[in-house]
Amino acid sequence: MHAIKPFNTLGRSAQDFEPIQPGKVGFYGCGPTVYNYAHIGNLRTYVFEDLLVRSLRRFGYEVTHVMNITDVGHLSGDDDTGEDKMVRSAKERGESVLQIARFYTDAFFRDTGRLGIARPTVVCKATEHVADMIALIQRIEAKGYTYMSGGNLYFDVTKFPTYGELANLRMDDLKAGARIEVDENKKNPHDFVLWFTKSKFENQALVWDSPWGVGYPGWHIECSAMSMKYLGESFDIHAGGIDHVPVHHTNEIAQSEAATGKKWVNYWMHAEFLILDKGKMSKSKGGFITLQSLVDAGFDPLDYRYFCLGGHYRSQLTFSWEAMEQAKASRKALADRILDLRDKLAGQDIPAVSALGRAAAERLARFDDALADDLAAPRALAELWQLVRDSQAPAADALAAALEMDGALGLGLAAARREEASVDPETVGRIEALIAARAAAKKAKNWAEADAIRGQLKEMSIALEDGPSGTTWKKLA
RNA sequence: GGCGCCGUACCCAAGUGGUAAGGGAGAGGUCUGCAAAACCUUUAUGCAUCGGUUCAAUUCCGAUCGGCGCCUCCA
């Protein structure tokens, strides 16, 4: 089992990973709020989480990956007074909240699927776990961490001495409410709601009965309740976007540890933002780019995955169409290498990893070192390139090692195939006739004629390649 | 006001207290009737600026300039 060393936000340092149970990893990744399509910034985080899961599995861990689907309660506006986002979407489309949630959940998994992201072991919806949340809140209440005020149940952060540790918050010089009016029902600006009975917006669509009255859960409790349900009261890794550090994850820790009295999560990993030239991409500000819009622009979803892997997950990555073009070109070149290696082997068996020659084995080892070192994908990618270009390694070894690497990177290299021209049979006949005519012209050394035919085919977006075994063609995109 | 990140070639992007990975793009070459692919060579005495520490700094420290994120639902 390879020693992996993730950067732990808790402590802000790279730390040797030691799972609670040897050989097993409990991993919780914050999932989407399903009131709209995911944008490519959101998706970057899921690519990171997928790389983490694939790497851990590659290193021999049995990973239980839990992801929540938030299908209740979030605000729509920057001013904290808007409607529930789910409710607004539902209203706009004339559908029920649950229909909206279902629709965008499906869209989400369609996108992650296209990105080669493995489906989590457990996908859990907030609306189906309200009873678990209520039970957890009761535990917190029983330990004396809560108070009722203005109809809502609050968590009192002053009762939790290590509050803010994850985010390096210092309670005394914090200026909460710098950008937002503080809820006057709170004793402390950092207190947060565990259960609402007094909604700030009318017509809350989804409400449940509870010991505190009819209402709905606070925004942080679902992750605590569901993660503990599926992973236990303490588990190994929790990941999410970096924006979650100061509030969401900070509050999750407080409420979870208040309830159990135990350390909740050992390793916290946070992905940095994808940004545009003008700043971050967000659902509420502009610059909303979906995976589909990349596809519509002629990119394969895996081109975007390659783009993401080209930067380290803890660094901001700036999106640009030019960078996408570069990623596309790189990924295609990589796939072509794999195809060339396949051709060289001509059906020969691919050696087992244990039977690799030294050159390929060393590359693979370095690749693993890069991944183990806080998921250094750019370095891992560089090793893959070196491998695939290294004439030292026999083709069979190179191919075997490259496919091993791709098991972690998920760039779909095993499935790489030459671009099959999607051309109707009639046109195929014409193309082949022209190629035959050109072959005849070439044989007669009538170069002008041969080139004319090449030009004619080019008009039809058909590119020819003369090889040792004859002429092949493909349709250009 | 507080917290945090970043500034490396034309572009994207690694990295290290001892002299700059990888990819894209460009240039030259080999090969090919042409073309494509492939292969070879090539593109930062330099890592925002200015100081400091050091035998040695791009890498550590400080300041400055510039960009970005968070403190509000947000990946």
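Every value quoted in this text rests on a predicted model; they were computed, and no experiment measured them. Numbers restart at 1 for each chain; the letters A, B, ... are given by sequence-line order, proteins then strands.
Taking a pair as Watson-Crick or G-U wobble with both distances under 3.5 Å, the runs of three or more consecutive pairs in RNA chain B are B:1-7 with B:65-71, B:10-12 with B:22-24, B:25-30 with B:38-43, B:48-52 with B:60-64.
Separation of the C1' atoms belonging to rU41(B) and rG67(B) is 37 Å when rounded to the nearest angstrom. Separation of the P atoms belonging to rA14(B) and rA48(B) is 15 Å when rounded to the nearest angstrom. Across the C1' atoms, rU8(B) and rC12(B) are found 12 Å apart, a figure rounded to whole Å. With both ends at atom P, the span from rC47(B) to rA21(B) equals 15 Å, rounded to whole Å. Annotation: rC6(B) and rU43(B) have their C1' atoms spaced 26 Å apart (nearest Å). For the P atom pair drawn from rA56(B) and rC65(B), the interatomic distance equals 29 Å after rounding to whole Å. rC40(B) and rA44(B) have their C1' atoms separated by 22 Å, given to the nearest Å. Here, rG69(B) and rA27(B) have their C1' atoms 40 Å apart, quoted to the whole Å.
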Are any protein N/O atoms closer than 3.5 Å to N/O atoms in nucleotides 30-34 of chain B? If there are, list each pair with its distance.
from: rG33(B); atom 1: O6; to: R438(A); atom 2: NH2; distance (Å): 3.4
from: rG33(B); atom 1: N1; to: D451(A); atom 2: OD1; distance (Å): 2.9
from: rG33(B); atom 1: N2; to: D451(A); atom 2: OD1; distance (Å): 2.9
from: rG33(B); atom 1: N2; to: D451(A); atom 2: OD2; distance (Å): 2.5
from: rC34(B); atom 1: O2; to: D451(A); atom 2: OD1; distance (Å): 3.4
from: rC34(B); atom 1: O2; to: R454(A); atom 2: NE; distance (Å): 3.2
from: rC34(B); atom 1: N3; to: R454(A); atom 2: NH2; distance (Å): 2.9
from: rC34(B); atom 1: N4; to: D466(A); atom 2: OD2; distance (Å): 2.3

Below 3.5 Å is the cut-off: list the nitrogen or oxygen pairs between protein and nucleotides 20-26 of chain B, distance only.
from: rG23(B); atom 1: OP1; to: R389(A); atom 2: NH1; distance (Å): 2.3
from: rG23(B); atom 1: O2'; to: S330(A); atom 2: OG; distance (Å): 2.1
from: rG23(B); atom 1: N2; to: Q326(A); atom 2: OE1; distance (Å): 2.9

Between the protein and nucleotides 4-8 of chain B, list the N/O to N/O atom pairs that are separated by less than 3.5 angstrom.
none

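Closest approach of V245(A) and L166(A) over heavy atoms only: O-CD2, 3.9 Å. Nearest heavy-atom pair, Y163(A) versus H190(A), reported as atom, atom and distance to 0.1 Å: OH-O, 3.8 Å. Nearest heavy-atom pair across W208(A) and W195(A) is O-CZ2, 3.6 Å. Nearest heavy-atom pair, K125(A) versus M226(A), reported as atom, atom and distance to 0.1 Å: O-SD, 3.8 Å.
Atoms OH (Y313(A)) and C1' (rA14(B)) sit 15 Å apart, rounded to a whole Å. Taking atom CD1 of I275(A) as the reference point, atom P of rC12(B) lies 11 Å away to the nearest angstrom. In this structure, CD1 of I435(A) is placed 19 Å from P of rA35(B), rounded to the nearest angstrom. Atom pair L375(A):CG and rA14(B):P shows a separation of 13 Å (rounding to whole Å applied). In this entry the distance linking CG of L274(A) with P of rC12(B) reads 14 Å, nearest Å.
At least one donor-acceptor pair closer than 3.5 Å links the side chain of T197(A) to the backbone N or O of G151(A). Within the 3.5 Å criterion, the main-chain N or O of D300(A) finds a donor-acceptor partner in the side chain of D303(A). Between the side chain of S256(A) and the backbone N or O of S224(A), no donor-acceptor pair lies under 3.5 Å. Checking side-chain atoms of D191(A) against main-chain N and O of N188(A) turns up a donor-acceptor pair under 3.5 Å.
Distance CG/L43(A) to OG1/T112(A): 7.5 Å, rounded to 0.5 Å. H270(A) NE2 to F48(A) CZ: the interatomic distance, rounded to the nearest 0.5 Å, is 8.5 Å.
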For a quick test of your reading: what N or O donor-acceptor pairs under 3.5 Å do the side chains of residues 402-413 of chain A make, sequence neighbours left out?
from: E404(A); atom 1: OE1; to: R58(A); atom 2: NH1; distance (Å): 2.6
from: D406(A); atom 1: OD1; to: L411(A); atom 2: N; distance (Å): 2.7
from: D406(A); atom 1: OD2; to: G412(A); atom 2: N; distance (Å): 3.1
from: D406(A); atom 1: OD2; to: L413(A); atom 2: N; distance (Å): 2.7

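Sorted by residue number, the members of residues 46-55 of chain A with any non-hydrogen atom under 4.0 Å from RNA chain B read Y46(A).
Judged by distance alone, the side chains of D71(A) and Y104(A) never bring a donor and an acceptor atom under 3.5 Å apart.
A salt bridge between D466(A) and R438(A) is present, with a side-chain N of the basic residue lying under 4.0 Å from a carboxylate O of the acidic one. Comment: D106(A) does not engage R110(A) in a salt bridge, judged by the lack of any side-chain N to carboxylate O separation of less than 4.0 angstrom.
Residue contacts shown for L464(A) include a base, since a base heavy atom lies under 4.0 Å away. Among the atoms of the strands shown, none is found under 4.0 Å from any heavy atom of H270(A).
In this structure, W473(A) and M460(A) have side chains that are not in contact, with every pair of non-hydrogen atoms separated by 4.5 Å or more.
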Going through the checks in order, is the salt bridge (Lys or Arg N to Asp or Glu O under 4.0 Å) test met by R114(A) and D111(A)? CA-CA 5 Å; R114(A) 290 195 289 182; D111(A) 282 348; 3.0 Å; yes

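Residues E465(A) and R44(A) both approach RNA chain B. Their nearest nucleotides, taken by heavy-atom distance, put E465(A) toward the 5′ side.
OP1 or OP2 of rA14(B) has not a single side-chain nitrogen or oxygen of H312(A) nearer than 4.0 Å.
Ring pair F319(A)/F307(A) is perpendicular by interplanar angle, where above 60° counts as perpendicular and below 30° as parallel.
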